[in-house]
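Remember, it's a predicted structure, so these values are computed and weren't measured experimentally. Below, all heavy atoms of this structure are taken into account, side chains as well, without hydrogens, waters or symmetry copies. Order of the sequence lines sets the chain letters (A, B, ...), proteins ahead of strands, with each chain counted from 1.
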Amino acid sequence: MSDHSAPQADTSDVSGQPAPAAAAAPAVSFDAFGLAPEIRKAIAEQGYTTPTPIQAQAIPVVLSGRDVMGAAQTGTGKTASFSLPILQRLLPLASTSTSPARHPIRALILTPTRELADQVAANVFAYGKYTALRSAVVFGGVDMNPQSEALRRGVEILIATPGRLLDHVQQKTANLGQVQMLVLDEADRMLDMGFLPDLQRILNLLPDSRQTLLFSATFSNEIKRLAGSYLRDPQTIETAVRNSTATNVTQVVYEVNEGDKTGAVVQLIRERGLKQVIVFCNSKIGASRLARQIEKAGIVAAAIHGDRTQSERMQALDAFKRNEIEALVATDVAARGLDIAELPAVINFDLPFNAEDYVHRIGRTGRAGASGDALSLCSPNERKQLADIEKLIKRPLERGTLVVESAPPREERDRPPRRREEGEQHGARRERTRFDDDNGRRRGPDRTRFQPAPIVHDDIFYKPYEPSASTTAPEAAAPEPERKGPKRQVAALLGGLPRKTSGN
DNA sequence: AAAAAAC
């Protein structure tokens, strides 16, 4: 299916300063956990030898059967920290029998986004490949039938997003009555997204005698309340937060006018020769629009956000991982957890409203100890968000200056368009913008620092952006369900369960 | 203020 990357055995969550608690964690080998040979073989095959701090701390606790309250983000090796002990604990129950009754769901892993579910599943598959344990992943936006078929045959480990899981429960294709281990991955994100009612319904279907592992980037009051209700005497595990003090990620902010942002993104990508970059936008429409605009400027791009079909999302992500596109323009659907090997840079086209999302976004780069650049654009009306971010990470961001290469001299820039030579018209920065008047002159304040943005006519009403990549992905064969927001809301009004609750 | 997630 997808071309997944394994979690990185990185140590990059150790901050620039001496990390107080994590530094004390012994740098043991994976051999020290007493994992079964078939699991160790898979680990070795992935090339991992030394556990990360969260793995070193969490694996023994999970193996002991205790509940865990873990503070960690993906990229710290979190996925392996629960996947490996799950496999180990379930191994005695593995059966080569073909009877579905011999393969009840024993471990359930819930994630907030479909892509994250897919990625966690890829890791579980990889670590469990030499065991007789079966696993499957279910999430929305794709055909239910293959999922139902896998569930009917029986799986010990199920990775799921909450909505589709409940759907399977209603259809009686999933029975959660024998679940012994539950993982709530990115729990704070799930609460933010209004998943609390779904989580409660799922939790009520599980046996009381089970082990629960909750992973969250933050321990907010809501998270503590959730843990208080559903965890039993949890062991708290906190490793040094992979935060912005990590010295391997260079963070720069560029102050720009809103209308100059597109040109600035194009300029940053060209100037720094970025071959692979995620560009984060705050809105789905904005992401699609930006992808189209930078494509016009000659940058191979694709958009990924919740209004695109699942096959489009997968295709965009896979193409990006395969290095077939240079810029993945994303909403925060891609902010958490996604593991893209050696991603050199992220750009914040918009500053996130929630400062914590900034940390998640820039956490996509500089993974596995590699260096990375986090470049942010800040318009005058985003200064509050910038201040919030700097407050959260406890230091000011470096201010950068964008100097436009081959910036046209003023006389030339002011020349009417018809007098330009051919060829000069190519490239987005030579195009007329909504800030130019009919004589090709700019109006409004001086905006000499950046190239004018490409034309911003009302192209959001045009046909949705489609990547020119091949359509041979197997997922593309299946008809895609309509997933546009308004229709979903209408469906809810027409008797569907109201799924939206205030997350904050 | 916006994102995500079941048909």
Side-chain angles (χ1 to χ4, degrees), chain A residues 110-119 137-145 147-148 151 159-174 184-202 217 258 278-290 303-310 312-313 317 329-338 348-358 360-361 379 381-385 388 478-504:
Chain A
L110 297 177
T111 71
T113 69
R114 299 164 179 176
E115 280 77 10
L116 197 49
D118 203 21
Q119 182 178 288
V137 57
V138 301
F139 51 77
V142 296
D143 192 355
M144 271 191 96
N145 290 328
Q147 300 176 357
S148 301
L151 290 170
I159 301 96
T161 49
R164 179 54 71 91
L165 174 64
L166 284 170
D167 206 350
H168 279 292
V169 168
Q170 274 178 358
Q171 311 239 350
K172 308 264 189 238
T173 41
L184 301 174
D185 198 9
E186 306 275 353
D188 51 342
R189 186 59 159 192
M190 288 201 274
L191 294 189
D192 285 347
M193 288 167 56
F195 272 141
L196 184 58
D198 282 354
L199 288 184
Q200 287 170 329
R201 287 160 69 195
I202 293 167
E258 193 63 39
I278 298 183
V279 186
F280 284 104
C281 297
N282 283 357
S283 77
K284 294 178 279 198
I285 285 174
S288 274
R289 184 171 50 205
L290 182 63
I304 182 167
H305 58 68
D307 271 355
R308 307 206 75 206
T309 66
Q310 195 55 35
E312 287 172 328
R313 284 163 60 160
L317 189 56
V329 187
T331 59
D332 279 326
V333 68
R336 293 214 188 189
L338 288 194
N348 287 305
F349 181 84
D350 299 310
L351 287 181
F353 292 108
N354 184 345
E356 276 167 10
D357 285 334
Y358 172 85
H360 290 294
R361 287 179 178 185
S379 70
N381 56 11
E382 291 177 304
R383 292 198 178 122
K384 163 90 167 67
Q385 285 133 272
D388 288 348
E480 276 303 319
E482 265 297 320
R483 288 202 55 261
K484 299 292 179 190
K487 287 203 177 167
R488 287 164 60 95
Q489 286 178 7
V490 170
L493 288 172
L494 290 177
L497 285 165
R499 302 178 44 74
K500 184 109 180 157
T501 55
S502 173
N504 41 6

Can you check the [X] [atom1] to [N] [atom2] distance for me, whole Å?
X      : N     : atom1 : atom2 : answer
A:I285 : B:dA2 : CD1   : P     : 10 Å
A:L351 : B:dA2 : CG    : P     : 16 Å
A:M193 : B:dA6 : CE    : C1'   : 13 Å
A:D118 : B:dA5 : CG    : C1'   : 16 Å
A:H305 : B:dA2 : NE2   : C1'   : 13 Å
A:R336 : B:dA5 : CZ    : P     : 14 Å
A:R201 : B:dA5 : CZ    : P     : 17 Å
A:L165 : B:dA6 : CG    : P     : 10 Å

Nucleotide nearest [X] when distance is taken to its side chain, options [options]:
X      : options             : result
A:T331 : B:dA6, B:dA3, B:dA5 : B:dA3
A:E115 : B:dA5, B:dA3, B:dA1 : B:dA5
A:F195 : B:dA5, B:dA2, B:dA6 : B:dA5
A:Q170 : B:dA6, B:dA3, B:dA5 : B:dA6
A:R313 : B:dA3, B:dA6, B:dA5 : B:dA5

Within the structure provided, determine whether [X] and [Y] are in side-chain contact (heavy-atom separation under 4.5 Å).
X      : Y      : result
A:Q170 : A:L166 : no
A:R189 : A:L116 : no
A:Q310 : A:E115 : yes

| So what does A:D332 hit on the nucleic acid, given a heavy-atom distance under 4.0 Å: a base, only sugar-phosphate, or nothing? |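 Touches nothing.
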| Between A:R114 and B:dA3, does any side-chain N or O lie under 4.0 Å from OP1 or OP2? |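 No, A:R114 has no side-chain N/O under 4.0 Å of OP1/OP2 on B:dA3.
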| Distance below 4.0 Å between A:T161 side-chain N/O and B:dA6 OP1 or OP2 |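 Affirmative; the distance criterion is met.
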| said: So that I can tick it off, tell me whether A:D388 and A:K384 are bridged by a salt bridge, with the cut-off set at under 4.0 angstrom between side-chain N and carboxylate O. | reply: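 Judged by the 4.0 Å cut-off on N to carboxylate O distance, A:K384 and A:D388 do form a salt bridge.
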| query | With the threshold set at 4.0 Å, does a side-chain nitrogen-carboxylate oxygen contact exist between A:D185 and A:R336? | reply |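 Result for this pair is no, no salt bridge flagged.
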